[in-house]
Amino acid sequence: MTHRRRLLVAAAAAWLLPLQAQAQAALEQIMARKTIQIAIPTDFPPYGFVGTDLKPRGLDIDMAGYIADKLGVKLELVSVTSANRIAYLQTKKADLVISTLGKNPEREKVIDFTAAYSPFFQAVFAPKSLPIGAAADLAGKTVGVTRGAIEDLELTKIAPPSADIRRFEDNNATVAAFVSGQVQVIATGASVAGNMMARNPDLGAEYKFVLKDSPNFIGVAKGEDALRAKVNEIIASAKAAGELDRLAKKWLGRPAGTLPD
């Protein structure tokens, strides 16, 4: 290697070191400013929504508060949508994203993920007075579902022949059919069901059994390994203490169950 090339390599290494340090600085910055900025949904009940007191409420908001408390820092909530939540993480407008974020190969190219913290599922819901614990119990009952949705595909696989599956063109129509009594049972996603039950408490509806489970993960900026490790430590502790089950039961009507690391 020539003297000139050695100088160029040394200069490049010196330039990269501050960038590498900066990439790992999120946890240190959070602890130094004693505040963590966490992106959350406010339009996706029961995970995140605006309550009657005009304050954010929901499972994701509770989880954000839990992490801030365990870090011993102040929580600053940042409202995001499904479209901009990853961009907020990449542009450092948020330290973490807790917003019903599923993990897939495309997203893993641009951000990192912690262990799962909550379930996201499609399930069967019905009044508490209706004894249903498995697909076989749908025999002879009318079940509303949105045509072509994941829950429609999963329900069709396991429903007994005598179940009367009535398909509607969108979630609003499916929910309306259940609320009005056109169907006895509804198969839908957790967020749709959570919103429906919050708006119609007199229905006495509850979770019966799951059709398909796909957990939520917390998003971390690429390369922030120290922060990711710390959050994973908090999630593992919450899981062992039953806190993840408590939050899922509170907001989704069922325990978190087995979540992937």
Nearest heavy atoms of F113 and R228, plus distance in Å: O-CD, 3.2 Å
task: Taking the side chain as every heavy atom from C-beta outward, state whether L227 and L96 have any pair of such atoms under 4.5 Å apart.
output: yes
field: Pairwise ring pair (Phe, Tyr, Trp, His ring centres under 6.0 Å) hits with a residue in residues 59-90, at least two apart
entry: none
- prompt: Is any side-chain heavy atom of L259 closer than 4.5 Å to a side-chain heavy atom of Y117?
  reply: no
- request: Could you tell me whether K70 atom NZ has more than 12 heavy atoms of other residues or ligands within 6.0 Å of it?
  value: no
message: Looking only at side-chain N and O atoms, does N216 offer a donor or acceptor that is under 3.5 Å from a partner on S118?
response: yes
- prompt: Are the side chain of K103 and the backbone N or O of A116 linked by a donor-acceptor pair below 3.5 Å?
  reply: no
- request: Taking the side chain as every heavy atom from C-beta outward, state whether M197 and L203 have any atom pair closer than 4.5 Å.
  value: no
- request: Could you give me the CA-CA distance, side-chain angles and deciding distance for T142 and D164, then say whether side chain to side chain donor-acceptor pair (under 3.5 Å) is met?
  value: CA-CA 5 Å; T142 53; D164 181 7; 5.8 Å; no
- request: Could you tell me whether K222 and E224 have a side-chain N and a carboxylate O separated by less than 4.0 Å?
  value: no
I234 side chain reached by T114 side chain, heavy atoms, under 4.5 Å: no
message: With a 4.0 Å cut-off on N to O distance, would you call K250 and D62 a salt bridge?
response: yes
- prompt: What are the two closest non-hydrogen atoms of I36 and L71, and how far apart are they?
  reply: CD1-CD1, 3.8 Å
field: Least distance between heavy atoms, G223 atom then D112 atom
entry: N-OD2, 3.0 Å
- prompt: So, for F125 and F178, is the gap between ring centers shorter than 6.0 Å?
  reply: no
message: Do L101 and L59 sit in one hydrophobic cluster, given that two such residues count as connected whenever their side-chain heavy atoms are within less than 4.5 Å of each other, even indirectly?
response: no
Six-ring centre of F121, R254 cation under 6.0 angstrom, axis tolerance 45°: yes
query: Is the closest side-chain heavy-atom distance between E76 and Q37 below 4.5 Å?
result: yes
task: Show your reasoning for whether side chain to side chain contact (heavy atoms under 4.5 Å, CB included) applies to T100 and R85.
output: CA-CA 10 Å; T100 58; R85 55 190 174 176; 3.7 Å; yes
message: For G65, is there any backbone N or O sitting under 3.5 Å from a side-chain donor or acceptor partner on D69?
response: no
task: Would you indicate whether the side-chain heavy atoms of I61 and F49 approach each other to under 4.5 Å?
output: no
Linked, directly or transitively: V220 and V80 (ILVMFWY side chains, under 4.5 Å): no
query: L75 and A68: which non-hydrogen atoms are nearest, and at how many Å?
result: CB-CB, 3.7 Å
Side-chain H-bond candidate by donor/acceptor type, S99 with D60, under 3.5 Å: no
Same cluster (ILVMFWY, side-chain, under 4.5 Å), I132 and L252: no
- request: Report yes if some heavy atom in the side chain of K93 is under 4.5 Å from a heavy atom in the side chain of V78; otherwise report no.
  value: no
field: Heavy-atom closest pair, residues A64 and L77
entry: CB-CD2, 4.1 Å
query: Of the non-hydrogen atoms in A173 and F168, which two are nearest, and what is the gap between them?
result: CB-CB, 3.9 Å
message: If only side-chain N and O atoms count, and only distance matters, is there a donor-acceptor pair under 3.5 Å linking T156 with D152?
response: yes
field: Cluster overlap V97 with I111, hydrophobic side-chain contacts below 4.5 Å
entry: yes
- prompt: So do T174 and T188 actually touch side chain to side chain, heavy atoms under 4.5 Å?
  reply: no
message: Return the CG to CD distance between L138 and Q184, rounded to the nearest 0.5 Å.
response: 10.0 Å
message: Can you confirm whether more than 12 heavy atoms, excluding those of R33, are under 6.0 Å from its CZ atom?
response: yes
